[in-house]
Chemist: 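Structure incoming, see below.
Here the structure is a predicted model, which is why all the values come from computation and not from measurement.
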Amino acid sequence: MDNEQYTPPNEMPVMPIQPVLTGQVAVVTGASKGLGQAIAIALGQAGARVLVNYHSDEKGALETVETISAEGSEAIPFRADVAREEDVESMFAEAKGRFGRIDICVPNSGIQLNAPVDEMTLQQWQRVIDVNLTGQFLCARAAIRQFKRQGIDRSLSAAAGKIVFMSSVHDIIPWEGHVNYAAAKGGIMLLMKSIAQELADKRIRVNAVSPGAIRTPMNVEKLTTPELFKSKLLKLIPYGRIGEPEDVGQAVVWLVSDASDYVTGTTIYIDGGMTLYPGFIGAG
Ligand code: BGC
């Protein structure tokens with residue numbers, strides 16, 4: 001049994017997504033797999049047209065596009081390295097050119113290059129900061145410029161634009177061996193709040209989601225190795241199940257819809273209670 005691959009069961013309740021974003025346009029980065037793919041599909045199910053960004057996994061991006069099209073909305077794939085200013089600028093120009101406007105930005109792309117701190121190379125540090133922090137800044141900046149040019153169209157939304165940054169439980173939980181990743185996510189928290197403060201009067205809403213352990217390609221090893229999953233990871237999740245990418249997709253749909261119109265500058269933790277210090281249960 002120990003050597004067999006383990007697949008945690010999917011215990012997520014299925015909730016139908018309502019078409020609350022009809023007519024709106026979303027840019028989702030890192031949408032060829034994992035969270036970005038689920039978010040892009042959820043936004044498509046909610047009626048948005050979606051630019052599906054990818055860096056290297058073109059096949060995955062095309063799957064995302066096909067799923068969105070099959071479910072009745074429109075999507076286009078676009079290759080860009082979010083850490084490169086010129087790539088990000090062309091990506092937003094393409095979204096505006098193809099769809100005529102941009103209402104929603106989900107800068108989701110993220111990587112992990114792990115190492116003990118004293119062995120971490122400058123390259124490992126820099127690339128993670130470039131993709132996970134600078135990449136989100138560049139996308140948010142491009143989106144905001146477009147939101148300001150457009151202003152509010154009340155037939156589509158009460159806000160002039162919505163950004164949902166991709167953070168992590170590691171914006172508050174320290175993570176040994178991943179100092180580059182945790183530093184980037186900690187940075188996202190105050191990047192998000194500062195932009196939210198700066199743009200609230202323009203009715204641009206800016207929030208973040210902070211997922212815990214979700215079933216994504218990034219976490220395959222932890223999920224399929226019983227010693228890692230059952231005896232270690234699951235102990236960190238009081239709710240007792242692994243998160244599904246769709247758990248995050250649904251939260252993002254709510255955060256960019258008018259149902260959350262009074263919500264800005266907030267982080268939603270989607271983590272089954274991982275940030276509730278479960279180590280204190282029966283031990284504090
Ligand atoms: C990371 C996952 C990790 C989770 C909880 C996320 O930000 O991407 O790899 O399992 O945090 O530690």
Side-chain angles (χ1 to χ4, degrees), residues 1-13 15 30 34-36 38-39 108-120 124-125 128-129 131-133 136 164-193 207-252 254-255 263 265-284:
M1 171 65 199
D2 270 6
N3 294 328
E4 271 177 34
Q5 288 253 307
Y6 176 73
T7 306
N10 181 341
E11 298 172 55
M12 183 194 165
M15 303 290 291
L35 293 181
I39 291 166
N108 156 81
S109 302
I111 54 169
Q112 289 182 12
L113 296 171
N114 314 327
V117 62
D118 53 332
E119 289 168 25
M120 186 172 283
Q124 287 172 317
W125 167 266
V128 169
I129 297 294
V131 174
N132 297 13
L133 183 58
Q136 297 206 43
V164 179
F165 284 102
M166 182 52 65
S167 192
S168 159
V169 291
H170 297 296
D171 60 11
I172 49 168
I173 303 178
W175 204 12
E176 54 87 25
H178 303 72
V179 299
N180 47 1
Y181 185 88
K185 297 300 186 181
I188 288 294
M189 191 197 327
L190 278 175
L191 174 68
M192 178 278 285
K193 285 179 190 278
N207 293 288
V209 286
S210 283
I214 313 287
R215 192 196 309 266
T216 64
M218 212 181 240
N219 289 327
V220 162
E221 198 198 336
K222 276 177 264 184
L223 299 179
T224 55
T225 314
E227 314 84 80
L228 290 180
F229 178 66
K230 287 190 167 168
S231 26
K232 292 194 172 166
L233 188 58
L234 214 48
K235 291 211 162 68
L236 299 176
I237 310 171
Y239 205 62
R241 73 166 171 89
I242 185 74
E244 301 297 333
E246 292 76 14
D247 283 305
V248 180
Q250 300 203 34
V252 171
W254 180 76
L255 266 181
V263 180
T266 291
T267 300
I268 298 190
Y269 289 87
I270 307 167
D271 68 348
M274 190 177 247
T275 42
L276 299 174
Y277 296 97
F280 273 75
I281 299 170

Chemist: Sequence neighbours excluded, which residues qualify as side-chain contact (heavy atoms from CB on, under 4.5 Å) partners of Ala38?
Modeler: Pro245

Chemist: Judged by atom type as modelled, is there a donor-acceptor pair below 3.5 Å linking the side chain of Thr216 to the main-chain atoms of Gly34?
Modeler: no

Chemist: For Pro211 versus Leu35, what's the shortest heavy-atom pair and its separation?
Modeler: CG-CD1, 3.8 Å

Chemist: If I compare all heavy atoms of Lys185 with all of Asp171, which pair ends up nearest, and what's the gap?
Modeler: O-CB, 3.3 Å

Chemist: Tell me, do Asn132 and Tyr181 make a side-chain contact under 4.5 Å, heavy atoms counted?
Modeler: yes

Chemist: Set out, in order, the CA-CA distance, both residues' side-chain angles and the distance that settles side-chain contact (heavy atoms from CB on, under 4.5 Å) for Thr267 and Tyr269, then state yes or no.
Modeler: CA-CA 6 Å; Thr267 300; Tyr269 289 87; 3.6 Å; yes

Chemist: Does Lys222, at its NZ atom, have more than 12 non-hydrogen atoms belonging to other residues, nucleotides or ligands within less than 6.0 Å?
Modeler: yes

Chemist: Report the relative orientation of the aromatic rings in Trp175 and His178; use parallel for angles under 30°, tilted for 30 to 60°, perpendicular for over 60°.
Modeler: parallel

Chemist: Side chains of Lys232 and Glu227: closer than 4.5 Å at any heavy-atom pair?
Modeler: no

Chemist: State plainly whether the residues Arg241 and Glu11 are in salt-bridge range, i.e. N to O under 4.0 Å.
Modeler: no

Chemist: Looking only at heavy atoms, which two atoms of Ile188 and Ser167 are closest? And how far apart?
Modeler: CG2-CB, 3.9 Å

Chemist: Are the side chains of Asn180 and Trp125 in contact, using a 4.5 Å heavy-atom criterion?
Modeler: yes

Chemist: In Å and rounded to the nearest 0.5 Å, what is the CG to CG distance from Leu276 to Leu236?
Modeler: 12.0 Å

Chemist: Is it true that a side-chain atom of Glu119 and a backbone atom of Ala115 form a donor plus acceptor pair closer than 3.5 Å?
Modeler: no

Chemist: Look only at the side chain of Asn207 and the backbone of Ile268, and say whether a donor-acceptor pair between them is shorter than 3.5 Å.
Modeler: no

Chemist: With no hydrogens and no angle check, is any side-chain donor or acceptor of Arg215 less than 3.5 Å from a backbone partner on Pro8?
Modeler: yes

Chemist: List the atom of Gln112, the atom of Asn114, and the distance in Å for their closest heavy-atom pair.
Modeler: CB-OD1, 3.4 Å

Chemist: Can you tell me how far CD of Glu246 sits from CE of Met15, rounded to the nearest 0.5 angstrom?
Modeler: 13.5 Å

Chemist: Which atom pair, heavy atoms only, marks the closest approach of Val128 to Ala184?
Modeler: O-CB, 4.4 Å

Chemist: Which atoms form the tightest heavy-atom contact between Met166 and Val209, and what is the distance?
Modeler: CE-CG2, 3.7 Å

Chemist: Report yes if some heavy atom in the side chain of Phe229 is under 4.5 Å from a heavy atom in the side chain of Ile242; otherwise report no.
Modeler: yes

Chemist: Rounded to the nearest 0.5 Å, what separates atom CD in Gln5 from atom CG in Leu223?
Modeler: 10.5 Å

Chemist: Go through Leu228 and Leu233 one step at a time and tell me if the side-chain contact (heavy atoms from CB on, under 4.5 Å) criterion holds.
Modeler: CA-CA 6 Å; Leu228 290 180; Leu233 188 58; over 6 Å; no

Chemist: Drop me the distance from Ile270's CD1 to Ile214's CD1, to the nearest 0.5 angstrom.
Modeler: 7.0 Å

Chemist: Determine whether a donor-acceptor pair (N or O, by modelled atom type, separation under 3.5 Å) exists between the side chain of His170 and the backbone of Ile173.
Modeler: yes

Chemist: With rounding to the nearest 0.5 angstrom, report the NZ to OG1 distance, Lys230 to Thr225.
Modeler: 12.5 Å

Chemist: Give a yes or no answer on whether the side chain of Asp271 reaches the backbone of Ser210 with a donor-acceptor pair at less than 3.5 Å.
Modeler: no

Chemist: Within the 4.5 Å heavy-atom criterion, are Thr275 and Ile172 side-chain neighbours or not?
Modeler: yes

Chemist: Can a donor-acceptor pair be found, under 3.5 Å and without considering hydrogens, that links the side chain of Asn10 to the backbone of Glu244?
Modeler: no

